[in-house]
Amino acid sequence: MSPVDLTIHAQSGAARTGVMKLTHGSVPFPAFMPVGTYGTVKAMLPRDIKEIGAELILSNAYHLWVRPGHKLIERMGGLHSFMGWDGAILTDSGGYQVFSLNQFTQISEEGVRFRAPLDGQYRTMTPEVCVEIQESLGVDIAMAFDECIEWPATRDRVAQSTARTTRWLKRCQAARTKMETTGLFGIVQGGMYQDFRVEHAQEISELDLDGYAVGGLSVGEPTEKLLETVAWTTPHLPADKICYLMGVGYPWDIVEAVIRGIDIFDCVIPTRNARNGKVFTSVGIINIKNARYAEDESGLDPNCSCLTCQNHSRAYLRHLFVSQEILGAHLLTRHNLHFYQQLMSKIRVAISEGSESLEKLRTEVNSWNRPYTT
RNA sequence: GGUGCUGUAGUUAAGUUGGUUAUAACGCCGGCCUGUCACGCCGGAGGCCGCGGGUUCGAGUCCCGUCAGCACCG
């Protein structure tokens with residue numbers, strides 16, 4: 001039996017809603033995973049993450065491998081126990097770091113040699129190491145080791161890189177030892193080229209993985225390209241498996257991607273932007289550091305029921321940011337993540353209700369993409 | 001009362017043997033962030049160089065006076 005057990009409850013066009021049962025709990029989808037790279041969703045307690053409604057979080061195999069080391073975490077009882085989180089965990093492999101840390105990498109068929117910015121040490125990540133790390137961590141879902149490449153990239157570069165990602169995926173599969181508890185997802189690459197995306201999706205669909213991801217997006221391309229690429233890819237992935245869009249995105253990107261067949265998402269935006277003062281609300285985007293909020297007694301979002309909105313004024317939150325008080329980061333992160341979880345909940349309801357409801361939500365969410373005024 | 005030190009952006013400071021548009025940090029104002037090297041990054045505004053004279057082609061810089069703060073001596 002697969003560690004990722006999928007039940008689809010309703011569909012509306014390509015969008016679908018249901019529940020995926022994982023080793024550490026059941027996750028309704030479409031779902032958004034808060035990002036906790038280093039074994040912590042920055043500024044959030046595990047119980048806070050639960051409270052705002054997230055059942056599944058994302059962590060990172062590469063970064064935990066560099067520090068404190070996967071073997072140490074295994075000795076501490078695995079990542080769940082180590083970080084005090086009993087919900088589900090998906091780990092990214094380090095494929096994104098091949099892109100984001102490219103100035104410190106050398107790529108070969110064997111794998112990727114990283115010079116860690118943290119300690120200057122050289123380490124080689126291979127598909128085998130990548131699986132070993134994620135199985136040691138004891139996560140619910142492991143991502144295959146891929147190469148996330150830059151945009152734009154030539155056809156020749158994309159073709160070679162994608163072929164290697166496929167070979168690495170097969171090596172990941174062969175290296176598995178905990179098939180009952182840690183699922184493995186394959187990642188579709190292919191750059192922004194339709195034929196490559198279709199071919200790669202079809203090719204890895206035959207490998208019978210526990211789920212599939214669309215990778216290589218949100219690397220600086222325009223939104224239209226991102227959505228176009230998603231639309232090319234999802235029809236060629238197995239309908240009875242989860243489809244994960246990696247690294248996306250803004251609320252409006254998420255709705256558009258769900259409509260194109262995506263089930264789960266992760267993105268640093270709600271957490272990182274919160275720490276930098278940017279807030280998502282149903283009345284537009286707020287930069288809490290702006291002077292205009294200095295004496296604003298209202299809450300962040302008049303339509304939000306999160307703890308931050310129920311208890312604190314914009315004036316106070318701005319003060320916390322201007323004073324660089326740590327509580328500001330927590331309160332804004334909490335709000336943004338709550339906002340995202342509410343969005344996902346609305347999306348699930350809308351899909352069950354049908355296309356009209358989903359279209360209405362789409363219009364509403366796109367209206368959030370504006371600065372707050374008045 | 002005397003001597004010395006210090007007065008430069010909102011704040012703290014740099015400023016060569018006098019030489020283009022006086023520099024930085026912090027603060028202030030604004031923008032950015034898509035599988036987190038990220039409580040981060042980028043940009044902007046802001047100066048009668050205490051005040052008044054003088055020397056000089058040219059003074060934040062040298063000279064005289066004066067005011068303020070600090071230290072020490074009477």
Side-chain angles (χ1 to χ4, degrees), chain A residues 32-44 57-64 66-67 90-105 114-120 130 134 141-149 151 165 185-189 212-223 225-227 229-230 244-254 256-257 262 264-280 285 287-294 318 320-333 336 340 369 371:
Chain A
F32 178 83
M33 298 180 277
V35 176
T37 303
Y38 292 97
T40 162
V41 175
K42 294 184 195 298
M44 292 284 282
I57 64 173
L58 175 139
S59 193
N60 185 284
Y62 167 81
H63 287 293
L64 293 175
V66 173
R67 183 172 68 185
L90 176 152
T91 35
D92 183 28
S93 57
Y96 184 73
Q97 279 63 44
V98 178
F99 163 74
S100 65
L101 301 178
N102 69 81
Q103 55 180 314
F104 305 104
T105 60
F114 286 90
R115 183 173 178 274
L118 186 66
D119 59 6
C130 166
Q134 295 178 88
I141 299 170
M143 297 306 298
F145 189 49
D146 66 330
E147 182 189 7
C148 178
I149 63 172
W151 178 85
T165 285
F185 280 20
I187 303 171
V188 182
Q189 290 290 342
Y212 292 85
V214 183
L217 295 176
S218 64
V219 290
E221 77 285 2
T223 303
K225 267 229 157 343
L226 186 160
L227 295 175
T229 306
V230 169
Y244 162 31
L245 176 56
M246 306 183 79
V248 173
Y250 291 99
W252 33 96
D253 294 338
I254 289 175
E256 295 296 338
I262 300 293
I264 65 175
F265 301 85
D266 81 278
C267 189
V268 302
I269 279 184
T271 44
R272 181 196 287 167
N273 282 16
R275 291 192 310 283
N276 294 329
K278 208 76 152 201
V279 186
F280 293 94
I285 298 166
N287 182 346
I288 200 65
K289 293 184 281 193
N290 287 174
R292 58 190 302 186
Y293 304 117
R318 175 178 137 87
L320 292 178
F321 264 78
V322 167
S323 311
Q324 293 177 53
E325 279 294 338
I326 202 80
L327 183 59
H330 169 71
L331 293 173
L332 258 52
T333 299
N336 274 354
Y340 266 64
N369 186 6

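Within every chain, numbering begins at 1; the chains are lettered A, B, ... in the order of the sequence lines, protein sequences first and strands thereafter.
- Checking B/U36, B/C28, B/C37 against the side-chain heavy atoms of A/L101 singles out B/C37 as nearest.
- Straight-line distance between the P atoms of B/U56 and B/G50: roughly 23 Å, to the nearest whole Å.
- A/Y38 comes within contact range of the sugar-phosphate backbone alone, with a heavy-atom separation under 4.0 Å but no base atom that close.
- Separating the CG atom of A/L226 from the P atom of B/C33 is a distance of 14 Å, rounded to the nearest angstrom.
- A ring pair (Phe, Tyr, Trp, His ring centres under 6.0 Å) with A/Y340 is found for exactly one of A/Y250, A/F265, A/F32, namely A/F32.
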Quiz prompt | From CA spacing to verdict: side chain to side chain contact (heavy atoms under 4.5 Å, CB included), A/W151, A/T229 | solution = CA-CA 13 Å; A/W151 178 85; A/T229 306; over 6 Å; no

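- In this structure, A/F265 atom CZ and B/G35 atom P are separated by 13 Å, rounded to whole Å.
- Heavy atoms of A/V66 sit nowhere under 4.0 angstrom from any nucleic acid atom.
- For B/G35, the OP1/OP2 oxygens have no side-chain nitrogen or oxygen of A/R272 closer than 4.0 Å.
- Contact annotation: A/Q324 reaches the phosphate of B/G27 (side-chain N/O to OP1 or OP2, under 4.0 Å).
- Atoms NZ (A/K289) and P (B/C39) sit 11 Å apart, rounded to a whole Å.
- Whole-Å rounding puts the A/F99 CZ to B/C37 P distance at 10 Å.
- Across all strands shown, A/L58 has heavy atoms under 4.0 Å from sugar-phosphate atoms exclusively, and none from any base.
- Checked by atom type, the side-chain pair A/D92/A/Y62 shows no donor-acceptor distance below 3.5 Å.
- B/G43 is paired with B/C29 under the Watson-Crick or G-U wobble criterion, all donor-acceptor distances under 3.5 Å.
- The two residues A/T40 and A/M44 have their closest heavy-atom pair at OG1-O, 4.4 Å.
- For A/N276 against B/C33, a side-chain-to-base donor-acceptor contact under 3.5 Å is present.
- Separating the P atom of B/G44 from that of B/C49 is a span of 23 Å, rounded to the nearest Å.
- With the nearest nucleotide of RNA chain B identified for both A/E221 and A/R275, A/E221 has the one nearer the 5' end.
- Nucleotides B/G18 and B/C63, compared at atom P, are 11 Å apart to the nearest Å.
- Atom C1' of B/C28 sits at a distance of 11 Å from the matching atom of B/A9, rounded to the whole Å.
- Distance from the side chain of A/N60 is smallest to B/U36 among B/G35, B/U36, B/G40.
- Out of B/G35, B/U34, B/G31, the shortest distance to the side chain of A/M246 is found at B/G35.
- One can place OH of A/Y96 at 8 Å from C1' of B/U36, the figure rounded to the nearest angstrom.
- To the nearest angstrom, C1' of B/C32 lies 11 Å from CD1 of A/I269.
- A gap of 25 Å separates the P atoms of B/G10 and B/G19, to the nearest Å.
- Among all heavy-atom pairs drawn from A/V98 and A/T105, the shortest one is O-OG1, 4.1 Å.
- The aromatic rings of A/Y38 and A/H63 sit tilted, their planes meeting at an angle between 30° and 60°.
- Distance, A/L332 CG to B/G40 P: 15 Å, rounded to whole Å.
- Taking the side chain of A/S218 as heavy atoms from C-beta on, and the options B/C28, B/U36, B/U34, the nearest nucleotide is B/U34.
- When Watson-Crick and G-U wobble pairs are counted only if both distances are under 3.5 Å, B/A71 pairs with B/U3.
- Taking atom P in both B/G27 and B/C51, one finds a spacing of 28 Å when rounded to whole Å.
- Closest contact between the side chain of A/K278 and the listed nucleotides B/C32, B/C28, B/U36 involves B/C32.
- In terms of phosphate contacts, A/Q97 brings a side-chain nitrogen or oxygen within less than 4.0 Å of OP1 or OP2 of B/U36.
- A donor and an acceptor atom never sit less than 3.5 Å apart when one is taken from the side chain of A/N290 and the other from the base of B/G30.
- Nearest-nucleotide assignment on RNA chain B puts the 5′-proximal partner with A/A291, out of A/S100 and A/A291.
- Among the protein residues, A/I187 comes within range of the nucleic acid bases, having at least one heavy atom under 4.0 Å from a base atom.
- On the P atoms, B/U3 is 36 Å away from B/A22, given to the nearest whole Å.
- Crowding of A/R67 atom CZ: a count of heavy atoms from other residues, nucleotides or ligands under 6.0 Å not exceeding 12.
- In this structure, CZ of A/F321 is placed 15 Å from P of B/G27, rounded to the nearest angstrom.
- When heavy atoms are screened at a 4.0 angstrom cut-off, A/G328 is found touching no nucleic acid atom at all.
- For A/F104, counting side-chain heavy atoms from C-beta on, the closest listed nucleotide (B/C39, B/U34, B/C37) is B/C37.
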